[in-house]
Amino acid sequence: MKFKYVVVGAGLAGLTIAERIANVLGEKVLVIEKRNHIGGNVYDSYNEDGILIHNYGPHIFHTNDKEVYEYLSKFTQWNVFWHRVLSYVDGNLVPMPISVETINKLYNLNLSTDEVEDFLAKRAVEVPEVTTSKDVAISKVGIDIYEKMFKNYTIKQWGVDPAELDTSVISRIPVRLNRDTRYFADKYQGMPTNGYTKLCENMIANKNIKVMLNTDYKEVIDDIEYEKLIYTGPTDYFYDYKYGKLAYRSINFKFETYTKESYQEAPVVNYPNDYDFTRITEFKKLTGQEHHKTTILKEFPCAEGEPYYPFPTKEHKERFAKYERDMKKEKNVVFIGRLAQYRYYNMDAVVRSVLDAFSEELNG
Ligand code: FAD
Ligand code: UDP
């Protein structure tokens, strides 16, 4: 078999690069995917009751990057959707991220925006240098809110104390000194009208793109003649773990369907302190689908299983740096995406980095 370009992985990174190769360069490209579907972790599907679910956890598109938004908009229309998350704390459901509403509900107060600023300033802990996720939280909101809303959620999600995680994890969650209770404040937000899988199918609707499912690339790569390999799988696997295994956090997804219109008050409810799961997603509240039943998802984080999250601790970042030195030396391999680059990328950041890699490394 002969293909000028071979892409490993049919997630958003792999499909974006395949789309660019086929449509901009007009070249043939083979995408090899070990799962039985395209889309990677953004894959969605209809379950046996006909409800559209996100098979690998709730995915909400949000970005400030106009070019990425316009690029993906070539393959989908968007439902207007502002994501909202409630957190179950001390028997109350309070908005997450922390805003004026959160403080007022949590402490049964009626503070103004300015008063909340004072309230948090008085509680914020001065840390000499913000180097961990714990520092990020306590330096903004103080110990009590940290313990109520961040500490135990993070321990459940990552299996370690927030003091062991670098700043990137909790920095994802802003603290707002206003009444904006949306989860994201980005300019462009939405859900693909016909779902993510449809978006992905539209990306690769080009006869120059061939997809081989159910295949680990190592089973076939020696039988393929190619000039460039674009790799989106785990880096340690590519190098046969020569510097040791990189940790990725996994999740057990447990879906439940109920014969009722609505299950909970918001699309996602977080449970920082109760139960073993981190959050419950109710899909109809993300997709806007109408149905007399409703499907929910409970997420149970775990160490073993499919690699979903790169693990941002000092030890693993150092190990990745060793791999990275080798990656930079490769002449005919391009590493892109959340697994290969070992970065906690959102969808928009993946697409941005792939568009940049395409311009820099493949398009002249
Ligand atoms: P992946 O989707 O992981 O794709 C990699 C593909 O490579 C997979 O299909 C895998 O099977 C395949 N592969 C791996 N090894 C091999 C091999 N040896 N041979 C062949 N194929 C292989 N982002 C947002 O913007 N908003 C959200 O709300 C959001 N929520 C998320 C919730 C969860 C629970 C998770 C896990 C992620 C979330 N993300 C979200 C992030 C988003 O999923 C990623 O940014 C994006 O899917 C990464 O795409 P990727 O192609 O880099 O990786
Ligand atoms: N987090 C938390 N409490 C919450 C929500 C998030 O402590 O109620 C922390 C936790 O460490 C989590 C991180 O913030 O891993 C990022 O949250 P996000 O919602 O972005 O996680 P994702 O959707 O990527 O799993």
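The first residue of the sequence shown is numbered 1, and numbering continues consecutively from there. Whatever order the structure lists them in is the order used to number ligands and atoms, beginning at 1.
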Atoms of ligand 2, numbered as shown, that sit under 4.0 Å from any heavy atom of R279: 22 (P), 23 (O), 25 (O)
Please determine whether a side-chain nitrogen of the Lys or Arg among R352 and E67 lies less than 4.0 Å from a carboxylate oxygen of the Asp or Glu. yes
For ligand 1, note which part of Y237 has a heavy atom under 4.0 Å away: side chain, backbone, both or neither. side chain
Does an N or O from M149, backbone or side chain, lie closer than 3.5 Å to an N or O of ligand 2? yes
Quick one: look at V350 and ligand 1, take heavy-atom pairs under 4.0 Å, and tell me if it's side chain, backbone, both or neither. side chain
Salt bridge or not between D161 and K134? Use side-chain N to carboxylate O under 4.0 Å. no
Nearest heavy atom to atom 15 (N) of ligand 1: which of K34, Q341, H62 does it belong to? K34
Do any nitrogen or oxygen atoms of S87 come within less than 3.5 Å of a nitrogen or oxygen of ligand 2? no
When only distance counts, is Y345 in polar contact with ligand 1, meaning an N/O pair under 3.5 Å? yes
Just to check, does Y309 reach to within less than 4.0 Å of ligand 1 when the distance is taken from its heavy atoms? yes
Test the R279-Y88 pair against the cation-pi criterion, namely NZ or CZ under 6.0 angstrom from the six-membered ring centroid and within 45° of the ring axis. no
Proximity to ligand 1 by part of A340, non-hydrogen separation under 4.0 Å: neither
Based purely on interatomic distance, does Y344 place a nitrogen or oxygen under 3.5 Å from a nitrogen or oxygen of ligand 2? yes
Should the proximity of Y153 to ligand 2, defined as any heavy atom under 4.0 Å, be assigned to the side chain, the backbone, both, or neither? side chain
V42 heavy atoms, cut-off 4.0 Å: which ligand 1 atoms fall inside? 47 (O)
Below 3.5 angstrom, do we get any N/O pair linking Y309 and ligand 2? yes
Pull out every atom of ligand 2 sitting under 4.0 Å from any heavy atom of V169, numbered as shown with elements. 11 (O), 13 (C), 14 (O), 15 (O), 16 (C)
Would you mind running through ligand 2 and noting each atom that sits below 4.0 Å from a heavy atom of T154? 7 (O), 9 (C), 10 (C), 11 (O)
Electrostatic pair E318-K314, nearest N-O below 4.0 angstrom: yes
Could you tell me whether K317 and D166 make a salt bridge, using a distance below 4.0 angstrom between a side-chain N and a carboxylate O? yes
Nitrogen or oxygen atoms of F150 and ligand 2 under 3.5 Å apart: yes
Proximity of K151 to ligand 2 by residue part, where a heavy atom lies under 4.0 Å: neither
Are E101 and K105 within salt-bridge range, i.e. N to O under 4.0 Å? no
Enumerated ligand 2 atoms positioned under 4.0 Å from heavy atoms of Q157: 15 (O)
Assess whether a salt bridge exists between K34 and E306, defined as any Lys/Arg side-chain N lying under 4.0 Å from an Asp/Glu carboxylate O. yes
Which ligand 2 atoms does Y183 reach within 4.0 Å, using its non-hydrogen atoms? 18 (P), 19 (O)
Could you tell me whether I32 approaches ligand 1 through its side chain, its backbone, both or neither, with non-hydrogen atoms closer than 4.0 Å? backbone
Can R182 and D180 be counted as an ion pair, charged N to O under 4.0 angstrom? yes
So if I apply the salt bridge (charged side-chain N to carboxylate O under 4.0 Å, His left out) rule between E27 and each of K2, K228, K4, which one comes out positive? K4
Are Y248 and Y237 close enough that their ring centers fall under 6.0 Å? no
Numbering as shown, the atoms of ligand 2 that approach N270 to under 4.0 Å (heavy-atom distance): 4 (C), 5 (C), 8 (O)
One residue to check: I336. Relative to ligand 1, which of side chain, backbone, both or neither has a non-hydrogen atom less than 4.0 Å away? neither
For ligand 2, which part of E299 has a heavy atom less than 4.0 Å away: the side chain, the backbone, both, or neither? neither
Would you mind telling me which of F320, Y342, Y323, F238 makes a ring-ring contact (aromatic ring centres under 6.0 Å, His included) with F335? F238
Suppose we call two aromatic rings close when their centres sit under 6.0 Å apart. Are H83 and F81 close by that rule? yes
